[in-house]
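This one's a predicted model, so the numbers in the text were calculated from it and none came from an experiment. To find a chain, count down the sequence lines: A is the first, B the second, and so on, and within it residues start at 1. When reading the values below, keep in mind they use all heavy atoms of this one structure, side chains included, and skip hydrogens, waters and symmetry mates.
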2 protein chains.
Amino acid sequence: VIALEDVRKIYPLLSGDVHALDGVSLTIEKGEFVAIMGPSGSGKSTLMNQIGCLDVPTEGTVRIEGQDIGTLSDHDLTALRRDSIGYIFQKFNLIPLLTAYENVEYPLVLRHRKYDDSGRVQALLDSVGIDSALAAHRPSELSGGQQQRVAVARALVNEPAILLCDEPTGNLDSKTSRQIMEMLADLNRQGRTVIMVTHDAATAEYANRTIQIQDGRIA
Amino acid sequence: VIALEDVRKIYPLLSGDVHALDGVSLTIEKGEFVAIMGPSGSGKSTLMNQIGCLDVPTEGTVRIEGQDIGTLSDHDLTALRRDSIGYIFQKFNLIPLLTAYENVEYPLVLRHRKYDDSGRVQALLDSVGIDSALAAHRPSELSGGQQQRVAVARALVNEPAILLCDEPTGNLDSKTSRQIMEMLADLNRQGRTVIMVTHDAATAEYANRTIQIQDGRIA
Ligand SMILES: Nc1ncnc2c1ncn2[C@@H]1O[C@H](COP(=O)(O)OP(=O)(O)OP(=O)(O)O)[C@@H](O)[C@H]1O
Ligand SMILES: Nc1ncnc2c1ncn2[C@@H]1O[C@H](COP(=O)(O)OP(=O)(O)OP(=O)(O)O)[C@@H](O)[C@H]1O
Ligand SMILES: [Mg+2]
Ligand SMILES: [Mg+2]
């Protein structure tokens, strides 16, 4: 369902070109659970941004469900990102002026163009341990791990076919980590493709395959 | 060197008062290496903000080196924070418009009121694996783990007596984590007090004592 063909990402800085991705080719089948591991600065988040269609390659092709995303119209690209891909960012990227509840509701509103009246938003927040009182806080009024869990809930609200998780349990204690990983494993069993960056070997155990990356290349 | 006497931190929200710290008393001796552990949302970062003089208690007293910090003038409080305490934040809090190098240099400039010509800044960056090319990047041009390492270097530049680290290796691979932890252990052996929040049992092993916190209270 995801294919990268000789993808390069080069940042042209004054101090010299940075080859964040240096010719990456890989294929991920529908329904896989893939862990991406590698040293700090090796290109994992850059790779996730390519897979998640949040960035364009300097060279090479990214295909999602067979389509070269470089050829899609803005409208189709937006629809693909909104409906098919759920993204849990390394730094969460929650919207500061919205409450936790509104942050999770937002992708739902974008998709259906009306507010949530199904109870789905709070049900998802409950499943990551954020009760309705906590859901009324803004991100700056939440702990690091609470923000991370809101980011998880937000990624799931449109029931995406592909889940991209950049260190989804980095700020969580072991008990809460296990709950989140069980949730991701469950979503994978339902047929969703899960791609997860992690530094933690125990977390990588949930995956059926591990990809190692080093200096912008697949090892 | 650090004493908290029945410290409370209450956030009065519309949905109800949040008792982030619910009567915390603890003493940390000079030269200790203390790990603070507990579930997500239990009050660890709030506690660190109290110890680091970045926040005031709703009730209770915080003493640093015997002084009640609630009685210090703004000038003395600023000097204490600048000269005695190094802080590695959970979300790094680097200054976006400055390069990595400038971010690390900043506390030095604040203290000495002139730019660094000793080579100290780059030496520190090298010790956390950030070479001079990478040091010219802005935070948004660095990976998560690179930003974390810049935050470590910044906390150390004024050689503080007290080091507060909120999940200092959360975004790092195991090899880089070990390097950072060895560095902190070394600084502790030199006589510095290190207080570290961590979710990782292996990281807590570096400490000589662990404090467990739950629902804003020491367990
Ligand atoms: N500004 C605020 N207003 C209201 N509540 C807050 C505010 N800041 C923090 N809280 C609440 O205080 C509690 C403690 O937060 P804190 O950030 O100290 O937790 P933590 O132990 O560091 O958690 P984590 O491991 O997830 O980082 C949380 O329940 C949080 O929602
Ligand atoms: N906007 C940018 N401009 C220049 N270089 C960049 C930019 N963004 C990232 N880089 C560089 O690209 C490389 C890969 O970054 P990336 O964020 O993908 O690493 P990572 O594997 O996710 O690391 P970590 O484990 O620390 O999160 C790094 O060396 C980084 O400094
Ligand atoms: Mg990353
Ligand atoms: Mg915290």
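Remark: Asp74(B) CG is loosely packed, at most 12 non-hydrogen atoms of other residues, nucleotides or ligands lying under 6.0 Å away. The 12-atom threshold is not exceeded at CG of Asp215(B), counting heavy atoms of other residues, nucleotides or ligands nearer than 6.0 Å.
Annotation: maximal heavy-atom pairing with chain A below 4.5 Å, among Gly41(B), Ala133(B), Ala20(B), Ala201(B), occurs at Gly41(B). Your options are Ser132(B), Pro39(B), Ser45(B), Gly16(B), and the one with the most heavy-atom pairs under 4.5 Å with chain A is Pro39(B). With chain B as partner, the option from Gln146(A), Met37(A), Lys44(A), Gln90(A) having the largest number of non-hydrogen pairs under 4.5 angstrom is Gln90(A). For the options Ser177(B), Gly43(B), Gly145(B), heavy-atom pairs under 4.5 Å to chain A are most numerous at Gly145(B).
Taking each heavy atom of Ser143(B) and Ser40(A) in turn, the nearest pair found is OG-OG, 3.7 Å.
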Test side chain to side chain contact (heavy atoms under 4.5 Å, CB included) applied to Glu141(A) and Val18(B), step by step: CA-CA 10 Å; Glu141(A) 297 166 335; Val18(B) 177; over 6 Å; no
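Residues satisfying the side-chain hydrogen bond (donor to acceptor under 3.5 Å, both in side chains) test with Tyr106(B), not counting sequence neighbours, are none.
For Gln148(B), no part sits under 4.5 Å from any heavy atom of chain A, backbone or side chain. For chain B, the nearby part of Gln147(A) is the side chain; its heavy atoms alone come within less than 4.5 Å.
Using a 4.5 Å cut-off between non-hydrogen atoms, the part of residues 154-175 of chain A that approaches chain B consists of Glu167(A), Gly170(A), Asn171(A), Leu172(A), Asp173(A).
Taking the side chain as every heavy atom from C-beta outward, Phe92(A) and Lys91(B) approach each other to under 4.5 Å.
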